[in-house]
Amino acid sequence: MWQQRADVVVIGTGVAGLVAALAAHRSAQQRPLRVVVLSKAARGDISTATFYAQGGIAVVLPDTADSVDAHVADTLAAGGGLCDPAAVASIVADGHGAVADLVRSGARFDEATPGQWALTREGGHTRRRIIHAGGDATGAEVQRALNDATITLDIRHEHAALQILTDGGEVRGVHVVSPDGPGVIHAPAVVLATGGLGHLYAATTNPSGSTGDGIALALRAGVAVSDLEFIQFHPTMLFDGSAGGRRPLITEAIRGEGAILVDAHGDSVMQGVHPMADLAPRDVVAAAIDARMRATGAPCVYLDARGVADFARRFPTVTASCHAAGIDPTRQPIPVLPGAHYSCGGVLTDVSGQTSLPGLYAAGEVARTGMHGANRLASNSLLEGLVVGARAGAAAAAHAASTGSGRGGTPALPRQEILDRADLQIAMSRDASVVRDADGLRRLSDTLAEAGSRPVGTRAGFEDAALTLTAQAVAVAAADRTESRGCHHRSDWPETDGAQARSTVVRLVDGHVKVDNSVVAA
Ligand code: SIN
């Protein structure tokens with residue numbers, strides 16, 4: 001088994017991971033720190049969730065009619081009573097500074113007039129405050145800029161983290177599998193920036209690497225995760241007849257520019273459902289589409305964008321996806337349906353990404369800072385990744401500098417529970433989708449209990465084990481919440497229950513995921 005040493009290990013190369021790595025690297029000015037970044041993907045594969053982000057970055061620009069208070073209020077309203085207001089205020093307030101740093105790293109955003117960024121709207125925003133790049137290719141620009149800015153950093157491709165190594169209640173390193181076989185990177189600080197969990201489902205807007213890795217790594221390290229029942233289904237994933245895997249996103253910004261959702265008869269889906277109609281928060285729109293599809297028996301609804309001016313120039317990514325599916329969005333409504341998109345919950349952290357385990361940090365989609373509550377406001381995710389990624393990287397570097405490099409053991413390959421991925425995705429898509437109920441969640445738990453223990457020593461094996469454990473955690477959290485709130489819709493508990501206005505926290509106890517009410521997430 002190979003062994004190496006580092007001061008800070010960052011796992012993941014999307015926005016939060018690369019910003020964390022840059023921040024750790026920059027804070028190494030007094031004392032040189034070895035910052036190592038791990039990516040499961042092969043060199044040249046840039047398909048992170050960040051890369052696929054379309055709409056943009058929600059940010060309050062100075063000297064505009066917008067305000068931090070208004071952005072905070074919209075975030076809290078979308079979050080269904082479960083956001084941590086202090087966390088939201090802290091992250092939103094640092095948004096403009098974080099975007100300015102990104103611009104210093106080379107990112108360029110679309111301009112309405114020279115020197116003035118163009119602003120769009122998405123669901124739940126009462127103001128136009130979303131900056132974008134390349135029309136609807138914002139994530140690609142963010143990823144390009146960060147890839148360029150981190151070109152001299154030590155980024156290891158085809159390195160999958162198998163487990164976080166701890167000793168004496170502290171992080172000691174990461175057990176990794178690489179093309180050279182299993183190894184250990186001994187390090188006192190680790191930042192989880194592994195992204196989301198969309199591949200729990202048969203169809204998702206997420207890239208193939210979104211397999212719940214960080215949730216599983218944290219749970220196995222004894223760290224709590226929270227709000228996992230709140231999986232956000234994007235209202236408009238392209239319905240192109242393909243069975244599954246990553247499916248194209250149809251950005252909500254198209255509705256921000258006036259497009260509307262209709263059913264096969266041309267009737268509006270959102271009129272009368274919410275005062276903001278087609279720009280209602282995402283959970284409301286996804287549930288309304290799901291209800292209309294159930295009522296009509298149709299496999300999709302339609303986004304009518306024929307009235308959107310200059311569509312192909314403003315939305316080139318969506319135009320290309322539609323053309324690939326034989327659809328001309330300027331002449332015909334786009335067939336869409338809700339698709340698994342974003343985990344509002346994750347590893348429980350503070351607003352600097354600190355978990356309860358000294359030396360372990362989490363940032364980006366994998367983390368639960370209290371920003372998103374029960375339903376994330378559109379385009380708040382790149383914002384959170386930028387702000388908390390930088391804080392987590394700096395905090396990890398400070399921890400490493402104060403602790404010195406520890407040395408862990410050399411572990412054997414772990415044995416972990418694995419359920420066949422196709423069976424897992426079928427069960428999750430059937431029983432833990434937009435609308436859930438107790439019978440379905442029980443059936444899901446029974447299916448997940450069929451997982452068998454196997455040694456894990458490859459990326460694929462680790463991903464299957466991570467999906468299995470993450471699905472178990474989602475099932476436990478969803479069964480525990482006997483109400484409907486945000487992205488969690490229960491057909492058997494359709495009302496919101498004021499007594500359940502608190503986050504669900506789960507842990508791994510003796511190999512089983514359990515709700516832990518002794519930990520109160522803010
Ligand atoms: C979109 O462009 O609709 C997605 C943006 C987001 O998920 O925040």
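Keep in mind that this is a model prediction, so the values were computed, not measured. Numbering of ligands and ligand atoms starts at 1, following listing order. Keep in mind that the numbers below use all heavy atoms, side chains included, and drop hydrogens, waters and symmetry copies.
Taking every non-hydrogen atom of Q54 and a distance limit under 4.0 Å, the qualifying atoms of ligand 1 come out as 2 (O). Residue A378 approaches ligand 1 through these ligand atoms, each under 4.0 Å from one of its heavy atoms: 8 (O). Here is the list of ligand 1 atoms found below 4.0 Å of a heavy atom in E252: 1 (C), 2 (O), 3 (O). Those atoms of ligand 1 with a heavy atom of H234 less than 4.0 angstrom away are 1 (C), 3 (O), 4 (C).
Polar contact with ligand 1: present for H341 (N/O pair, distance under 3.5 Å). In terms of polar-atom proximity, E122 is counted as a contact of ligand 1, with an N or O under 3.5 Å from an N or O of the ligand. Ligand 1 has a nitrogen or oxygen under 3.5 angstrom from a nitrogen or oxygen of G55.
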Let's go through T211 and D213 carefully: what are the C-alpha distance in whole Å and the side-chain angles of both, what is the deciding distance for side chain to side chain donor-acceptor pair (under 3.5 Å) to 0.1 Å, and is it a yes or a no? CA-CA 6 Å; T211 49; D213 301 4; 2.5 Å; yes
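A donor and an acceptor atom, one from each side chain of Q232 and D283, are nowhere located under 3.5 Å apart. Counting only N and O atoms by type, the side chains of R436 and H489 include no donor and acceptor under 3.5 Å apart. Residues S503 and R368 have side chains that bring a donor and an acceptor to within less than 3.5 angstrom of each other. With no hydrogens or angles considered, no side-chain donor-acceptor pair links D66 and T64 at under 3.5 Å.
Of all protein heavy atoms, the one lying nearest to atom 2 (O) of ligand 1 is T251 OG1, 2.6 Å.
Only the side chain of R282 comes within 4.0 Å of ligand 1, judged by heavy-atom distances.
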Can you give the donor-acceptor pairs under 3.5 Å from side chains of residues 268-276 to other protein atoms, not counting sequence neighbours?
| unit_1 | atom_1 | unit_2 | atom_2 | d |
| --- | --- | --- | --- | --- |
| S268 | OG | M270 | N | 3.2 |
| S268 | OG | Q271 | N | 3.0 |
| H274 | ND1 | M276 | N | 2.9 |

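F239 meets the ring-ring contact (aromatic ring centres under 6.0 Å, His included) test with no other residue; sequence neighbours excluded.
The closest approach between R376 and ligand 1 falls below 4.0 Å for a heavy atom of the residue.
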